[in-house]
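Worth saying up front: this structure is predicted, and the values here are computed from it rather than measured.
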Amino acid sequence: MTHQNMIDPEDHPEIEQTDFDRLTAKGISRRNFLRGGTAAMGLFLAASPLAQAIAATSQTRASKLLGFSAVPASTADTFAVPKGYVAKPLISWGDPILKGAPAFDPSGNQDAAAQAGQFGDNTDGMSFFPLSEDRALLAVNNEYTNYEYLFAHQGKQDLTADEVRKSQSAHGVSVFEIRRNSQGEWQVAPDSDYNRRITANTPMELTGPAAGHDLMKTAADPSGRKPLGTFNNCANGQTPWGTYLTCEENFHGYFASTQDQVDLPARDTRYGLKAGNRGYQWYRHDERFDLAKHPNEPHRFGWVVEIDPMNPEATPRKRTALGRFKHENAALTIDRSGHVVVYLGDDERGEHLYKFVSRDRYNPDNQKANRNLLEEGTLYVARFRANDGEIKGKGEWLELSHGKNGLTAENGFADQAEVMIFAREAATQVGATTMDRPEWVAVHPNNKAVFCTLTNNKNRGQEGQPVGGPNPRAKNNYGQILRWWPTNGDHTATSFDWDLFAIAGNPTVAEGLYAGSDNINADNMFNSPDGIGFDRTGRLWIQTDGKYSNTGEFAGMGNNQMLCADPETGEIRRFATGPIACEITGLTFSPDQRTVFVGVQHPGEDLAPSHFPEGGNSKPRSTIMMIQRRDGGMIGA
Ligand code: FEO
Ligand code: CA
Ligand code: CA
């Protein structure tokens, strides 16, 4: 039974046997057992002889990739790393990065002009751009801001015009130079001419099929091509031609109205847009966020934005060919055909997983010629299939092109611009699979396997979100990590094979599928995987944005954390733990892989008792940590 349920290399001609050995040995062990027929009922019995046999077999393979000692779960207000490692703050919210900007003032009374010259709040996705061996730029997302810390009044009052501007300036992207000192540590260079703040008010350009469309035009911008700003910049991507991709996620929360009711079509409300005060209060002093007055303004957000970090004057470009949804990250790879392929998650319960394939090919010999590769191409959305009781299967990429797959005027799509602006509705029209909140996607450096975190989904099992396939648990409180292999290793192919690399769970308090897959145990358990990324060696780094109560179904998991997995053996080992009430999100390596930068977002959110990173009685601040080995070795090895 076990054998016939193993992944058969003959079903995967695109994958070499060595890759099979590397990619399937451990992660699938419990899954293989589940294929025996108990998966649908969730009646897995951990103590069964078969399970023990499978576990025993799979555990004999020690990881060659993971060379560090595991960090225990923690509820302390610290950032803990393995023995032999050092973690230091690189930069925190409010630190100056533009010339002349003031130092951080914890009172909450600093004005908008101060914030506009300082590192934004809630550090998230980031990328490292080398300038030389000892100089580099970091481009970093500042996803949102916490009013309980941003303002002395903690957001309990109506905001003034300057306070709205300050909030808008705490959002966006920060680009700043870092330099390596004689001790090998990286430090921010606030005097650098490269340094830049991009905020909710920075002029941008729309490109691609939706640019200039009637649905993009506003009173302030009749061209429909010149939006202002970016916000709720979640995770990121990096192109081989030297640009940074920032992804607009929960843009809906910034739109509100002075009116109690605003009539919006369902294709707009699907993004969560609605009247009433949504907390950020921008509409009070910036009319474009008033839905009753400017219903097209939200169409100008929810995109992937391309930024040239090397040119502080360059206008960021919103790439509408990549679709409009609550973008998490943009995992870019160059297919062997030369096409640029970008995998994209839409982080909302029951939304979808996408990929973009460029029309033109990447030219490694002429980077300037690559600058507009994201302007034209084809967007696809994923549909997954599985046999009953199996947590693996095949899938298809369904094309989102006007005139195909029912995306016609008859069905409400007048043109390609509408398909892109209302990509969610288009995905439903073509029959995409509803997912458990796709967060980051990461492409294995062998360019054959792709991984995506499905963070959790309390609504799984409700109408329209059936249990099964890659979303195998009702009321999914822990999340899972999906993996797929494009057919023949071709990222432009419209078919793939998939399985789950890990099913997060709590084996100390839960049973069946909720205990997690075989590579989850009492020493490495976590919930809500979110950020993921590979280093060049092929280690899979996993960051969490989950429940940190450390009680009940989350007992023993502690604070949010970062783990490292060996895709070869399936082993997962905890690498770092964050402070109180934070999320760990954002990671980027120096090219020598001897430094990793990791984001600690919103420590002490909702006034939880954190004083990270300065300790004492200080105000908690989102912070990028710089992590190195004391012996100067490679991170993770
Ligand atoms: Fe900004 Fe889905 O995380
Ligand atoms: Ca996230
Ligand atoms: Ca999340």
Side chains of Thr75 and Asn550: is there a donor and an acceptor less than 3.5 Å apart? no
Run the ring-centre check on Phe451 versus Phe501 and record whether the distance is less than 6.0 Å. yes
Minimum heavy-atom separation for Leu454 to Pro529, with atom names? O-CG, 4.4 Å
Hey, mind stepping through Met435 and Phe384 against side-chain contact (heavy atoms from CB on, under 4.5 Å) and telling me if it holds? CA-CA 10 Å; Met435 306 297 285; Phe384 293 81; 3.6 Å; yes
Lys326/Glu249 ion pair, N-O < 4.0 Å: no
Which residues pass the side chain to side chain contact (heavy atoms under 4.5 Å, CB included) test with Thr269, sequence neighbours left out? Leu264, Ala266
So, Glu571 versus Asn519: side-chain donor-acceptor pair below 3.5 Å or not? no
Those residues that, when tested against Lys88, pass salt bridge (charged side-chain N to carboxylate O under 4.0 Å, His left out) (two or more places apart): Glu185
Glu614 bridged to Lys619 by N-O distance under 4.0 Å: no
Less than 3.5 Å apart, any donor N or O on the side chain of Asn122 or Asn146 sitting next to an acceptor on the other? yes
Which residue in the set Leu90, Ile91, Val188 passes side-chain contact (heavy atoms from CB on, under 4.5 Å) when paired with Phe119? Ile91
Within the 6.0 Å centroid threshold, strictly below: His444 and Phe534: yes
Give the minimum heavy-atom separation between Ala565 and Ile542, together with the two atoms involved. CB-CD1, 4.0 Å
The criterion is salt bridge (charged side-chain N to carboxylate O under 4.0 Å, His left out); which residues satisfy it with Asp606, sequence neighbours excluded? none
We want to know whether Thr577 and Gln561 form a side-chain donor-acceptor pair, criterion being a heavy-atom distance below 3.5 angstrom. no
For His611, does its backbone N or O pair with a side-chain atom of Ser618 as donor and acceptor, under 3.5 Å? yes
Tell me which pairs pass salt bridge (Lys or Arg N to Asp or Glu O under 4.0 Å) where either residue lies in residues 537-553, with sequence neighbours left out. Asp535-Arg539
I'd like to know whether the aromatic ring centres of His171 and Tyr254 sit less than 6.0 Å apart in this structure. yes
Can you check side chain to side chain donor-acceptor pair (under 3.5 Å) on Asn236 and Ser127, steps first, answer last? CA-CA 8 Å; Asn236 63 309; Ser127 296; 2.9 Å; yes
Can you tell me if Gln118 and Asp95 form a side-chain donor-acceptor pair at under 3.5 Å? no
Under the side-chain hydrogen bond (donor to acceptor under 3.5 Å, both in side chains) rule, what pairs show up with a residue in residues 466-476, not counting sequence neighbours? Asp436-Asn476, Arg473-Asn476, Asn476-Gln480
Trp282 side chain to Ser167 side chain, donor-acceptor N/O pair below 3.5 angstrom: yes
Just jot down the salt bridge (charged side-chain N to carboxylate O under 4.0 Å, His left out) partners of Asp530, sequence neighbours excluded, or say none. none
Phe289 ring center near Phe231 ring center (under 6.0 Å): yes
What verdict does the side chain to side chain donor-acceptor pair (under 3.5 Å) test give for Arg573 and Ser69, after you've listed the backbone C-alpha separation in whole Å, the side-chain angles of each residue and the deciding distance to 0.1 Å? CA-CA 8 Å; Arg573 197 178 292 177; Ser69 52; over 6 Å; no
Do any N or O atoms from the side chain of Thr246 and from the backbone of Asn233 form a donor-acceptor pair under 3.5 angstrom? no
Closest non-hydrogen atom pair between Arg270 and Arg424, with its separation: O-NH1, 2.9 Å
Assign the ring pair Phe612 / Phe79 to parallel, tilted or perpendicular, where the plane angle (0 to 90°) is split at 30° and 60°. tilted
Do the side chain of Asn456 and the main chain of Asn477 share a donor and acceptor less than 3.5 angstrom apart? no
Qualifying residues under side chain to side chain donor-acceptor pair (under 3.5 Å), relative to Ser590, sequence neighbours excluded: Asp592
Contacts of type side chain to side chain contact (heavy atoms under 4.5 Å, CB included), residue Glu163, not counting sequence neighbours: Phe151, His153, Leu159, Thr160
Near-ring test Phe589/Phe128, centroid separation under 6.0 angstrom: no
Heavy atoms only: give me the nearest Ser174-Gly120 pair and the separation to one decimal. OG-N, 3.4 Å
Assess, by modelled atom type and distance only, whether the side chains of Trp93 and Gln601 contain a donor and an acceptor separated by less than 3.5 Å. no
For residues Met634 and Thr537, report the shortest heavy-atom separation together with the two atoms involved. CE-OG1, 3.9 Å
Residue list, side chain to side chain donor-acceptor pair (under 3.5 Å) with Gln543, at least two apart or on another chain: none
Pairs meeting criterion ring-ring contact (aromatic ring centres under 6.0 Å, His included) with involvement of residues 559-582, two or more places apart: Phe68-Phe575, Tyr85-Phe575, Trp541-Phe575
Salt bridge (charged side-chain N to carboxylate O under 4.0 Å, His left out) against Asp347, all qualifying residues, sequence neighbours excluded: Arg437
Qualifying residues under side chain to side chain contact (heavy atoms under 4.5 Å, CB included), relative to Pro613, sequence neighbours excluded: Pro89, Ser92, Arg621, Thr623
For the aromatic rings, using the six-membered ring if either is Trp, is the centroid distance between Tyr343 and Trp484 under 6.0 Å? yes
